2 protein chains.
Amino acid sequence: MDSVQVKNHANHPKGCARMSDLLERLRARGWRMTSQRRVVAEVLAGEHVHLTADEVHARAVARLPEIARATVYNTLGELVALGEVVELSTDGRAKRYDPNARVPHQHLVCSGCGIIRDVHPAGDPLAVLPSAERFGFTVSKADVTYRGICPACACA
Amino acid sequence: MDSVQVKNHANHPKGCARMSDLLERLRARGWRMTSQRRVVAEVLAGEHVHLTADEVHARAVARLPEIARATVYNTLGELVALGEVVELSTDGRAKRYDPNARVPHQHLVCSGCGIIRDVHPAGDPLAVLPSAERFGFTVSKADVTYRGICPACACA
DNA sequence: ATCCTACGATGGACTCAGTCCAAGTCAAGA
DNA sequence: TCTTGACTTGGACTGAGTCCATCGTAGGAT
């Protein structure tokens with residue numbers, strides 16, 4: 001049923017539909033639906049960019065002025081635990097939150113400006129790790145960060 | 001009081017040789033050789049584990065009690081800039097420093113205890129990113145973090 | 001519709017990792 | 001040996017995130 005997709009750069013006319021899907025899933029999992037949680041979820045689902053917790057807080061404050069920073073952190077943590085959002089730390093600074101958790105993908109980061117793009121490598125990155133290189137670990141996933149220079153930074 | 005260090009596992013009987021190679025290379029690049037820098041380089045080269053800056057500082061203090069934390073940070077930063085050491089942030093907490101920078105490799109991290117192993121996947125991880133997925137970036141490298149459970153944590 | 005109460009929100013203090021800076025020190029070239 | 005600027009020091013500072021006592025409220029029970 002996923003007719004909804006996703007190649008979108010900026011605009012996703014189905015944003016609202018996916019949003020209520022998200023709230024739906026959260027409610028189904030026993031989430032108490034508060035205005036704070038709704039706002040955080042909306043902020044994340046509303047823009048397909050990779051925001052830091054403070055950026056999420058700033059956007060949330062614009063809609064719900066009294067929301068606390070701690071609440072944003074709590075809610076982001078819960079969304080990550082539920083698998084609805086992926087946490088990235090591509091630069092050793094603030095973590096970023098990726099709302100596109102349902103489609104497996106990797107990230108391409110510009111070493112100049114830090115912009116992050118979602119990318120889809122060919123094949124399963126796990127497959128190229130020989131079992132001799134697994135040291136008895138049960139390996140469950142591979143996070144890949146491609147690094148380079150984006151077109152805008154290349155000109156400058 | 002620190003006669004013997006670390007019994008690191010087997011691998012590098014050439015520890016000393018490689019150490020002086022390192023100091024050699026650094027001197028050749030115009031490094032002023034201070035006792036602090038020597039100690040930091042020795043700490044890193046002495047154990048093939050992935051230490052945090054504070055762990056490096058603790059080990060450095062054991063040999064040179066008055067060394068400052070800022071000096072350790074400065075020196076680690078310079079070693080990274082010179083390409084002698086690789087900086088990792090696998091967990092969004094403290095960065096770790098990998099002295100094994102001359103051999104390209106990736107990392108396997110235990111989600112239980114956080115232990116990190118160097119691993120060598122087959123092939124070049126860059127090769128699997130189609131140019132259609134590069135968005136005009138000049139992509140220069142791929143950092144892969146494999147995640148799983150180590151044998152010790154699997155038992156527990 | 002109202003009550004209850006456990007779950008969630010608040011905000012301020014706190015921790016942890018890392019950076020900055022003015023002043024002092026010292027490696028190494030002349 | 002002298003000089004000098006690169007390096008070190010320690011303490012203050014910042015940024016990101018966590019903790020916690022207290023207050024508020026969503027949503028089931030009545």
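Note: hydrogens, waters and symmetry copies are ignored here, and every other heavy atom, side chains too, is used. Lettering of chains follows the sequences in order, A, B, ..., and the numbering in each one begins at 1. In this text the structure is predicted, and so the values were computed from the model without any measurement.
Whole-Å rounding puts the E55(B) CD to dC16(C) P distance at 14 Å. Going from atom NZ of K95(B) over to atom P of dC16(C) covers 18 Å, rounded to whole Å. In this structure, Y97(A) places its OH atom 12 Å from P of dA16(D), rounding to the nearest Å.
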From CA spacing to verdict: side-chain contact (heavy atoms from CB on, under 4.5 Å), Y146(B), K141(A): CA-CA 6 Å; Y146(B) 297 95; K141(A) 67 172 189 152; over 6 Å; no

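The minimum heavy-atom distance linking G148(B) with F137(A) is given by the pair C-CD2, 4.4 Å.
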Where protein sits on nucleotides 25-30 of chain D, one letter per nucleotide: B base, S sugar-phosphate only, - none, heavy atoms under 4.0 Å: BBS---

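Checking the phosphate oxygens (OP1, OP2) of dT9(D), a side-chain nitrogen or oxygen of Q36(B) falls inside 4.0 Å. OP1 or OP2 of dG8(C) has at least one side-chain nitrogen or oxygen of R37(A) nearer than 4.0 Å.
Between D143(A) and H107(A), the side chains place no donor N or O within less than 3.5 Å of an acceptor N or O (distance only, hydrogens not considered).
Salt bridge annotation for E84(B)-R29(B): present, with a cationic side-chain nitrogen under 4.0 angstrom from a carboxylate oxygen.
Distance from the side chain of A53(A) is smallest for dG17(D) among the nucleotides dT10(C), dG15(D), dG17(D).
Against DNA chain D, the stretch residues 63-73 of chain A makes heavy-atom approaches under 4.0 Å through R69(A), A70(A), Y73(A).
Between the side chain of R134(A) and the backbone N or O of L129(A), at least one donor-acceptor pair lies under 3.5 Å.
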